[in-house]
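Count residues from 1 along the sequence.
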Amino acid sequence: MMVLKNVWLANSNDVVNIAIDGGKISTLSADENSGTQISFENAVAFPGLINSHDHLDFNLFPQLGNRTYDNYVEWGEHIQHVHRAEIDAVLKIPVALRARWGMYKNLLCGVTTVVNHGVRLGIENPLITVFEDCQNLHSASLEPNLRLKLNNPLKTNIPIVIHTGEGTDISAFTEINALIRWTLLKRDLIGIHGVAMKPSQAENFKALVWCPQSNFFLLNKTADIKALKNSTNILFGTDSTLTSNWDIWYHLRLAQKTGMLNDRELYDSLTTTPAEVWKLNAGKLEPGKDADIVIAKDKGPLFLTTPEDLLMVIHRGHFRLFDESLAAQMPGEDLANYSKIQIGESCKYVQGDLPALMDEIKQYQPEAVFPVSGQQAMADMH
């Protein structure tokens with residue numbers, strides 16, 4: 001058993017010790033002192049974040065687009081014409097390398113579950129949960145044979161996840177109605193973006209994934225979450241760096257400024273609500289839940305957190321990232337299984353050889369830019 005000592009629980013006044021056993025949280029108490037112990041000072045603990053929308057293999061793109069668009073189709077056609085060289089430069093990097101970097105992008109921010117949209121990537125030994133147990137469809141305008149796929153009788157036990165209403169014009173609104181009308185088997189619909197969505201439409205969806213930073217970049221507008229939250233579950237997503245910043249905490253501060261969700265609702269959109277929608281044994285720090293835990297420097301308001309502030313990221317009881325200041329306390333960890341990286345002014349150990357991954361990517365695209373730098377490449381994880 002391992003015990004994380006003296007941490008504040010987010011959204012609580014409680015200081016607790018969190019005991020982990022067999023990959024799950026076993027107890028939260030003020031007096032748990034058995035097992036291997038790691039002590040913290042001025043630290044806050046919260047569940048590993050659940051990012052409900054990303055394209056893991058698209059996170060080496062820069063943000064592409066130079067104007068405000070009416071909808072995603074117009075944007076797609078424009079960047080294919082204007083930014084063809086940049087697109088080709090990224091696509092020549094093998095998908096496996098791009099996807100692995102996308103996984104690390106999430107891990108470095110404290111995300112322990114990411115819902116990948118697109119083809120199944122089959123990432124080898126993923127360090128976080130890559131959720132793909134759903135039917136991913138692109139959109140009403142761009143998905144071939146959409147009506148047949150929506151009503152596939154062999155997939156009625158999994159949700160449909162689809163971009164919808166990603167625009168500000170009438171076509172973005174009417175495609176939502178078409179999607180609702182064409183879904184005949186009463187399957188769970190999980191929409192992404194919903195900028196053009198109205199509450200009467202939202203009632204037909206199990207959930208809507210809100211990606212405000214991506215929406216503002218493309219459309220200079222985002223979904224009316226303040227109205228929609230009374231009609232469906234609201235989840236939070238980053239989308240990829242093709243349209244947004246790499247850092248989910250940047251997205252959260254932007255979302256907070258809109259005032260469409262209060263701080264507790266925004267927190268729930270990353271934790272309890274997606275855990276329920278995606279049917280995960282996560283999203284809460286309580287006994288019996290998977291030990292997906294993030295510990296960060298306590299800066300007061302949680303959404304002031306940055307990747308530099310993360311002290312530890314645990315996924316199903318395994319240390320995936322920890323701050324250099326904790327290295328001497330790590331219980332029996334072979335540091336050869338970790339690489340040392342620099343995020344701003346902060347030094348972290350992250351599982352696997354991230355510097356080697358970045359170097360391999362640069363063999364295909366020397367101009368690739370990363371938000372972290374490697375201090376020293378170490379042995380690959382076993």
Report task. List in chain and number order the residues that pass ring-ring contact (aromatic ring centres under 6.0 Å, His included) with Phe46, two or more places apart in sequence or in another chain; answer none if no residue qualifies. Result -> Trp249
Query raised in the report: Do Leu107 and His315 have side-chain heavy atoms sitting under 4.5 Å apart?
Result: no
Report task. Check Ile50 against Trp278 and note the closest heavy-atom contact, atom names and distance. Result -> CG2-CD1, 4.4 Å
Query raised in the report: How many angstroms lie between OG1 in Thr232 and CD1 in Ile190, if you round to the nearest 0.5 Å?
Result: 8.5 Å
Query raised in the report: Between the side chains of His53 and His55, does any donor sit under 3.5 Å from an acceptor?
Result: yes
Query - Side-chain H-bond candidate by donor/acceptor type, Asp309 with Thr306, under 3.5 Å - result: yes
Report task. Would you please name every residue forming a side-chain hydrogen bond (donor to acceptor under 3.5 Å, both in side chains) with Ser214, sequence neighbours left out? Result -> Asp239, Thr243
Query raised in the report: Mind checking what makes salt bridge (charged side-chain N to carboxylate O under 4.0 Å, His left out) contact with Asp290, not counting sequence neighbours?
Result: Lys24, Arg316
Query raised in the report: Is it true that Asp88 and Lys92 make a salt bridge, defined as a side-chain N closer than 4.0 Å to a carboxylate O?
Result: no
Requested in this report: State whether a side-chain donor-acceptor pair under 3.5 Å links Tyr72 with His163.
Outcome: no
Query raised in the report: Are Asn215 and His193 linked by a side-chain donor-acceptor pair shorter than 3.5 Å?
Result: yes
Requested in this report: Quick one: pull up CG in Asn151 and CG in Leu148 and give me the separation to the nearest 0.5 Å.
Outcome: 8.0 Å
Requested in this report: Before giving the answer on side chain to side chain donor-acceptor pair (under 3.5 Å), spell out for Gln256 and Asp263 the whole-Å C-alpha distance, their side-chain angles and the decisive distance to 0.1 Å.
Outcome: CA-CA 7 Å; Gln256 191 180 40; Asp263 284 0; 2.9 Å; yes
Query raised in the report: How many angstroms lie between atom CZ of Phe205 and atom CD1 of Ile162, to the nearest 0.5 angstrom?
Result: 8.0 Å
Query raised in the report: Distance only, no hydrogens: is a donor on one side chain within 3.5 Å (strictly under) of an acceptor on the other, for Thr238 and Asn51?
Result: yes
Query - Pair Asn177-Gln201, side-chain donor/acceptor within less than 3.5 Å - result: yes
